[in-house]
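These values consider heavy atoms only, across backbone and side chains, with no hydrogens, waters or symmetry-generated copies.
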Amino acid sequence: MGIFKTSSTRGIAGGLIGLVLGLAACVPSALATGQAQAQARTGLPLNESKIARARFGADADWYAGNIPFFDSADPTLNRIYYYRWQVFRAHQRDLGARGYISTEFLDDVGWQREPYASLNDATAFHIYEGRWLRDRRYADDYIGYMYSGGGNDRHFSESIADAVYAHYLVDGDAAFAVRHLNSMEHIYGLWDDHYDAGKKLYWIEPLLDATEYTIASIDASGGRDGFTGGEAFRPSINSYMFANARAISRLAALKGDTATAALYAQRADDLRNAVQASLWSDALQHFIDRYKVDNAFVHYWTPIQGRELVGYLPWYTELARDEHIYAQAWRHLLSSNELGGRFGLRTNEPSYPNYMKQYRYDKATGLRECQWNGPAWPFQTTQALVAMANLLNDYNQDIVSASDYVSLLKQYARLHLQDARPDLQEDYDPDTGKPIVGLPRSHHYNHSGFDDLIISGLVGLRPRADDVLEVNPLVPADPRDPDFLPYFALQDAPYHGHLVSVVFDADGRRYGRGAGLSIYIDGRRAANSSRLGKLTAHLAQAPPKPVERRIDLAVNLVKTDFPRATASVNNDPTMLHQAIDGRVWFFPEMPNGWSTVGSSHPQDWYAVDFGHPVHLSSADLSFFANQTGLAAPNDLRVQVWRDGRWTDVVLLSRPRRPVAGGVNRIAWRPLVTDKLRVVFTPAPRKALRLVELKVF
């Protein structure tokens, strides 16, 4: 029933917490109210509660007091920024006592890790995004799952250790950051099975690099296929392993383990030297693959025959040295005849003989399947834009400008829109901007990042390990530039135990707080400048606050196990399970949950059998509504199984009327039972869909 509270310095302090805490948890608007009062006191420009209600409706409480709020002169950037937080929220799967993880697909796919529905290829993006939430349990739990729950199964190549260090740079929680260091080292060592000691490089099959049908795999098949095969020494896996080695080194130093720090620093240096010596092509002016496989079509150590977007990974991890020869690669990204498509960045160039040739189709629908031989993929677009932000912040070059960054970020934002509605898909035609795959699984795909590109890129909040708060917006300073933004604001981003805000107003008229660029720490102006450019302020690390976790006792990952659900109607096992599977989303394209459609009962019920007595004191219920027959119920009541019959529970806290598209939190005095059910009175002539029932 209770709230478990954990801290990196105190461990698990919990157990079952009493009624006072339980009731406090039933007032979700308290945080938003406190935030609004603080906002009025400090005079920050954005009304977060108002924005949350406008953007998220009944689900506003999850966002208010949690996400950093953003505003700019570009309405599409604003819209997609908030949409991507909706995508992030929708992909948080509650595993109960195991905590939260981030999923890639909303629904199940055949290659996910069972029974959790996780995949490890986009995990780094999820952590980079989640580190900016004030509620640290989402990123913290996910990291714990990856390193102590078996989530990092090496299904795909990854840079998760690097993301953990990036997470530490934001929250400053050193004790948590080093907690999984041993597991990081263990997993790093497992990749020796993909290491060529003679070449001092890692190799991988493109499919296991999450990029099937690349040049390497297509050409290794003689142009006939490319889903599997094509093992190669790639810039991707070597950049990931470089970043992970560097992260392990830095985390070991944080722990005081100088020997391990030195060992992994050397491994990172060795990889940097090998990548630059062997994977840089003078002829193509790009980082490219070399073949590991040797067959009738391709030969060991020969380079692939074209440029790919993956060649920017050495800047994504800052493996590439700051030398003019390497910076030339960025000309290809900006060229419309090469990697710079009109509507999206191409994964390889049109000059490749098999550019955009479709090899694979979904058997069930006949629709096109995923390929990386030219389509624009948000996955690699994210990597390219992070790489560009690193180039602009940490390298000396004159090829790429802040205007290029904003232009490509806007292009990426527009890809999210389908018929003027946000719905991020798997991949796109870079010359039309239209989705390619378009399968039922593809809606609201969480395989990339975006909000971190706004926060650390465009706004320029650059996380550091020291007590310097650095802001370097990647926005052109010249008002005549077509990508100039006359105003933007990022408000209340958690950073080193404080809330940081960045406000730029070219003439002072948008926000009424003076012209120029300002940094605020906990609502107080800490630095300002009359012009755009790098700005710093002193910011001492504050102790990390404990993380509170309410444990959902109703969640079920395996349908044959307890807890088990039954209902008055529609006892389809899949539908019943979806209402207690730990997943909450409200996107209409992806139906989720148990429904009363077809019922003629004046009331219906949904019950959970826990299989043994449990302590309970509250529940969260989420409903979906639409214009075609689904609505939240008019009323509900809770019953528990007691003395061989269902008995009503006296509710101490509940919404006046249940709402759809958000969480309805109810509470009662603590009790012990092995079964609970909720009885619903439907709205007139409407069915209901219970998206999720969580019980605490």
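- Figure legend: cation-pi geometry between Arg564 and Phe562, with NZ or CZ positioned under 6.0 Å from the six-membered ring centre and within 45° of its axis.
- Between the side chain of Trp668 and the backbone N or O of Leu616 there is at least one donor-acceptor pair closer than 3.5 Å.
- Side-chain atoms of Ser72 and Asp74 include no donor-acceptor pair closer than 3.5 Å.
- The salt bridge (Lys or Arg N to Asp or Glu O under 4.0 Å) with Asp141 is formed by just one residue from the set Arg549, Arg136, Arg98; it is Arg549.
- Between Gln371 and Glu369, the side chains place no donor N or O within less than 3.5 Å of an acceptor N or O (distance only, hydrogens not considered).
- For the 3.5 Å distance criterion, the side chains of Ser618 and Arg550 qualify, holding a donor opposite an acceptor.
- Counting only heavy atoms from C-beta outward, the side chains of Asp59 and Arg89 approach each other to under 4.5 Å.
- Judged by distance alone, the side chains of Gln425 and Asp423 do bring a donor and an acceptor atom under 3.5 Å apart.
- Between the side chains of Ser118 and Tyr142, no donor-acceptor pair of N or O atoms lies under 3.5 Å.
- Thr123 and Asn120 are not linked by any side-chain donor-acceptor pair at a separation below 3.5 angstrom, with hydrogens and angles left out of the test.
- Between Tyr138 and Tyr100, the gap from one ring centroid to the other is short of 6.0 Å.
- A donor atom on one side chain and an acceptor atom on the other are found under 3.5 Å apart for Arg84 and His416.
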Discussion item. ring-ring contact (aromatic ring centres under 6.0 Å, His included) for Trp377 and Tyr412? Distances and angles first, verdict last.
Written reply: CA-CA 10 Å; Trp377 275 84; Tyr412 179 27; over 10 Å; no

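- A donor-acceptor contact shorter than 3.5 Å links the side chain of Ser442 to the backbone of Leu439.
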Worksheet entry | Residues Phe105, Trp111; criterion ring-ring contact (aromatic ring centres under 6.0 Å, His included); working and verdict | CA-CA 11 Å; Phe105 294 91; Trp111 57 96; 5.7 Å; yes

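- Phe450 has its ring centre no less than 6.0 Å from the ring centre of Phe125.
- With respect to the salt-bridge test (charged N to carboxylate O, under 4.0 angstrom), the residues Glu589 and Arg421 qualify.
- Residues Tyr128 and Thr382 have side chains that never bring a donor and an acceptor to within less than 3.5 angstrom of each other.
- For Tyr116 and Tyr145, the ring centers are positioned less than 6.0 Å apart.
- In this structure, Phe88 has its ring center closer than 6.0 angstrom to the ring center of Trp85.
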Practice prompt. Any chance you could lay out the ring-ring contact (aromatic ring centres under 6.0 Å, His included) test for Phe586 and Phe624, step after step, and finish with the verdict?
Written response: CA-CA 6 Å; Phe586 306 107; Phe624 175 81; 7.5 Å; no

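- Classification of Arg665 and Asp620 as a salt-bridged pair holds, one side-chain N sitting under 4.0 Å from a carboxylate O.
- Taking the charged nitrogens against the carboxylate oxygens, Asp635 and Arg656 have no contact shorter than 4.0 Å, which rules out a salt bridge.
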